[in-house]
Every structure is written in C-alpha cells, then in structure tokens.
Amino acid sequence: MSNLQSSVREARLQSANMPKPETTYERNVSANSNEKSSVSANSISNNSISSNSINSSPVLDIYGQIKSENENFYGWITIEDTGIYYPIMQGPDNKFYLSHDIDNKQYKHGMLILDDNCSDEFAVPDYIVYGHNINGGKYFGELTFYKDRGYYEYHPVVIFDSIYEMREFEIFAVLNTTVSEAQDEHQLFTTWNFDNETDYNNMVSWAKSASLYETDYTPVYGDAILTLITCEHSTSDGRFVVMAAKHK
C-alpha cells in the first residue's frame, strides 16, 4: 500500500507540473479484443491514452497501470493533509475486499469498497464507500475525527476520483447512526440512484438534521452524493457517516 501511495503521489505531481498537450489522443479498444493497455504511473501526462471497452471515456494515465493489474480498481480517495489517501475497489460483491488487498490476497484490514450497485452511469448517483475502522482511528476510522467541527473546517473537501475523472466533493453532513436506522428508515446504505427530486431532497434534509453540526453547504438536486461509512464502536451496529456532494 505504501509503495502504491507513493507511486500515485509521484504521478499526480508529474501531471501537475507538465504542460497540457495541444491534442488529446484516445485509443479505441474493441470489446472483442484481448489486447490490454497499460500506462506507467511514472510516465504520465494530462492526456489519456488508455481506454475501456465498456466506458468510452479514456482512463486517466495516473490510474492506467493500476487498472491494468486489477480490473476491480475503481479509483482513488484523498482528503488533503490527512491519512486518507487510498485506492477504491468495486468488486462483484461488497464482502470480498473487506478481507483482501488490491492483489486479491488475504488481508485482515481489507480495502475501501465502493458498493457494487453504485454506478457512474446514474443521472444523480449516490456513491457509497465502506471501510474498516482500525484500532480506533486508523485507516477509514480517521473519518471519526470529523466529530470535531474544527477538523471539518480544515478538511471540508473530499477528492473522489474514478479512473476516468478527477472530482471534488464538498462535505455537507457528519453523523452517527446505526445500521437499522440508516437502512430501514432512510435507506442510507441502499440508495444508489436519486431518480427523483423528492427522494433526493428528503435524504439531504434528513442528513442535515442528523448532522452533528451545521456545515457551510447544502446540495441541490443534480449534485452527486458521496456517502463514506465506517464502524462507530459505541453501539453494536453503530456507523459513522460523512456525506459530501459534487457541484453539478
């Protein structure tokens, strides 16, 4: 993980320092082709040269090598000036990567997981990401630092990239809940697509009212939602949730 993080940091830095090319080239790969494309994380530019047969968008060069090595790699999450700087996996179910690493080997801490029902193709998606709370604050447990409003004020933005797009989400709610409350009453863990404005506004209203403190931002219909979830150990089925949204 440490080597992977260093590689992505270096690739991001090189990308930021390189001038934008005058022309962007996109490579077309047939859905029936067995050809694989890979791009070294140490030789990137702001243009994209690898592509995906399912999604017509080109894969960002920063993530091309990782994607070529694991088809379940979805993207990357970053919260600046914190320890949250990790790859996101999206497997065929939500259990495998709770106990496996990016190389699909057994690993007790697991990976961060994008719910297998979430999709970039939804008109107004709700991206739901799970991760273990390790030893009271490590790994995704660092989310619990958002219990302090001062921590939020210094870290109000979550960078949540897919392999195709770099994106920023602004935090609008921070809350303690339980699995039963969130799932049975508000469908917090099972709402992947807001296909109507009423459901969207009800979710935002509930989240804002349940938030531990006021935030500076309230999403409007059309803003994609990002829901980050980890265990909260004060109750048996407790969960700590940070919700953010991307301006449309």
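Heads up: numbering here begins at 1 and tracks the sequence. Here the structure is a predicted model, which means the values were calculated and not measured.
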Evaluate side-chain contact (heavy atoms from CB on, under 4.5 Å) for Thr230 paired with Tyr130, printing each intermediate quantity in order. CA-CA 6 Å; Thr230 195; Tyr130 313 99; over 6 Å; no
With sequence neighbours left out, what residues match [X] under side-chain contact (heavy atoms from CB on, under 4.5 Å)?
{"X": "Asn70", "result": "Asn72, Met89, Tyr97, Ile102, Asn104"}
{"X": "Glu168", "result": "Val157, Ile159"}
{"X": "Asp93", "result": "Lys95, Phe96"}

Calculate, to the nearest 0.5 Å, the distance between atoms [atom1] and [atom2] belonging to [X] and [Y] respectively.
{"X": "Leu114", "Y": "Ile88", "atom1": "CG", "atom2": "CD1", "value": "7.0 Å"}
{"X": "Thr235", "Y": "Asn176", "atom1": "OG1", "atom2": "CG", "value": "8.0 Å"}
{"X": "Tyr85", "Y": "Gln5", "atom1": "OH", "atom2": "CD", "value": "7.5 Å"}
{"X": "His233", "Y": "Thr144", "atom1": "NE2", "atom2": "OG1", "value": "8.5 Å"}
{"X": "Ile225", "Y": "Cys118", "atom1": "CD1", "atom2": "SG", "value": "12.0 Å"}
{"X": "Lys208", "Y": "Leu175", "atom1": "NZ", "atom2": "CG", "value": "11.5 Å"}

Under 3.5 Å donor-acceptor, [X] side chain and [Y] backbone:
{"X": "Ser6", "Y": "Ser2", "value": "yes"}
{"X": "Ser205", "Y": "Asn201", "value": "no"}
{"X": "Gln90", "Y": "Asp115", "value": "yes"}
{"X": "Asp223", "Y": "Val220", "value": "yes"}
{"X": "Tyr146", "Y": "His155", "value": "yes"}
{"X": "Ser99", "Y": "Gly110", "value": "no"}
{"X": "Glu142", "Y": "Thr82", "value": "no"}

Could you give me the CA-CA distance, side-chain angles and deciding distance for His109 and Asp101, then say whether side-chain contact (heavy atoms from CB on, under 4.5 Å) is met? CA-CA 8 Å; His109 296 326; Asp101 66 12; over 6 Å; no
Just do the side-chain contact (heavy atoms from CB on, under 4.5 Å) check on Val129 and Ile229 with the steps written out, would you? CA-CA 6 Å; Val129 179; Ile229 304 168; over 6 Å; no
Name all pairs fulfilling the salt bridge (charged side-chain N to carboxylate O under 4.0 Å, His left out) condition that reach into residues 146-156, sequence neighbours left out, sorted by first residue then second.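 Residue pairs passing salt bridge (charged side-chain N to carboxylate O under 4.0 Å, His left out), neighbours aside: Lys147-Glu232, Arg149-Glu153, Arg149-Asp216.
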Tell me, please, which residues at least two apart from Thr227 pass side-chain hydrogen bond (donor to acceptor under 3.5 Å, both in side chains).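 Once residues adjacent in sequence are excluded, the partners of Thr227 under the side-chain hydrogen bond (donor to acceptor under 3.5 Å, both in side chains) criterion are Asp126.
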Could you pull out the closest heavy-atom pair between [X] and [Y], with the gap in Å?
{"X": "Val204", "Y": "Pro219", "value": "CG1-CD, 3.8 Å"}
{"X": "Ile66", "Y": "Trp76", "value": "CD1-CZ3, 4.3 Å"}
{"X": "Lys246", "Y": "Tyr217", "value": "C-OH, 4.4 Å"}
{"X": "Leu188", "Y": "Ile128", "value": "O-CD1, 3.7 Å"}
{"X": "Tyr63", "Y": "Ile163", "value": "CD1-CA, 4.0 Å"}
{"X": "Asp116", "Y": "Asn94", "value": "N-OD1, 2.8 Å"}

Hey, does [Y] have a side-chain heavy atom less than 4.5 Å from the side chain of [X]?
{"X": "Asp161", "Y": "Tyr74", "value": "no"}
{"X": "Asp199", "Y": "Thr191", "value": "no"}
{"X": "Val124", "Y": "Tyr200", "value": "yes"}
{"X": "His132", "Y": "Cys231", "value": "no"}
{"X": "His100", "Y": "Met111", "value": "no"}
{"X": "Leu112", "Y": "Phe140", "value": "yes"}
{"X": "Tyr213", "Y": "Val174", "value": "yes"}
{"X": "Met243", "Y": "Ser211", "value": "no"}

Residues in ring pair (Phe, Tyr, Trp, His ring centres under 6.0 Å) with Phe240, at least two apart?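 Not a single residue meets the ring pair (Phe, Tyr, Trp, His ring centres under 6.0 Å) criterion with Phe240.
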Between [X] and [Y], is there a shared hydrophobic cluster once you connect ILVMFWY residues whose side-chain heavy atoms come closer than 4.5 Å?
{"X": "Met1", "Y": "Val8", "answer": "yes"}
{"X": "Tyr107", "Y": "Tyr86", "answer": "no"}
{"X": "Ile113", "Y": "Ile134", "answer": "yes"}

Test ring pair (Phe, Tyr, Trp, His ring centres under 6.0 Å) on Tyr221 and Phe194; report intermediate values, then the result. CA-CA 9 Å; Tyr221 186 66; Phe194 292 106; 8.1 Å; no
Just say parallel, tilted or perpendicular for the rings of Phe169 and Phe160, cut-offs at 30° and 60°.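 The rings of Phe169 and Phe160 stand perpendicular, inter-plane angle above 60°.
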Glu214 atom CD: more than 12 heavy-atom contacts under 6.0 Å: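 Not buried by this count: 12 neighbours or fewer within 6.0 Å.
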Count the heavy atoms of every other residue, nucleotide or ligand shown that sit under 6.0 Å from CD of Glu80, and state whether that count exceeds 12.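 No, because the 6.0 Å sphere around CD of Glu80 holds 12 heavy atoms or fewer from other groups.
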Would you verify whether the NZ or CZ of Arg167 falls within 45 degrees of the ring axis of Tyr127 while also being under 6.0 Å from that six-membered ring's centre?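 Output yes; distance and angle both within limits.
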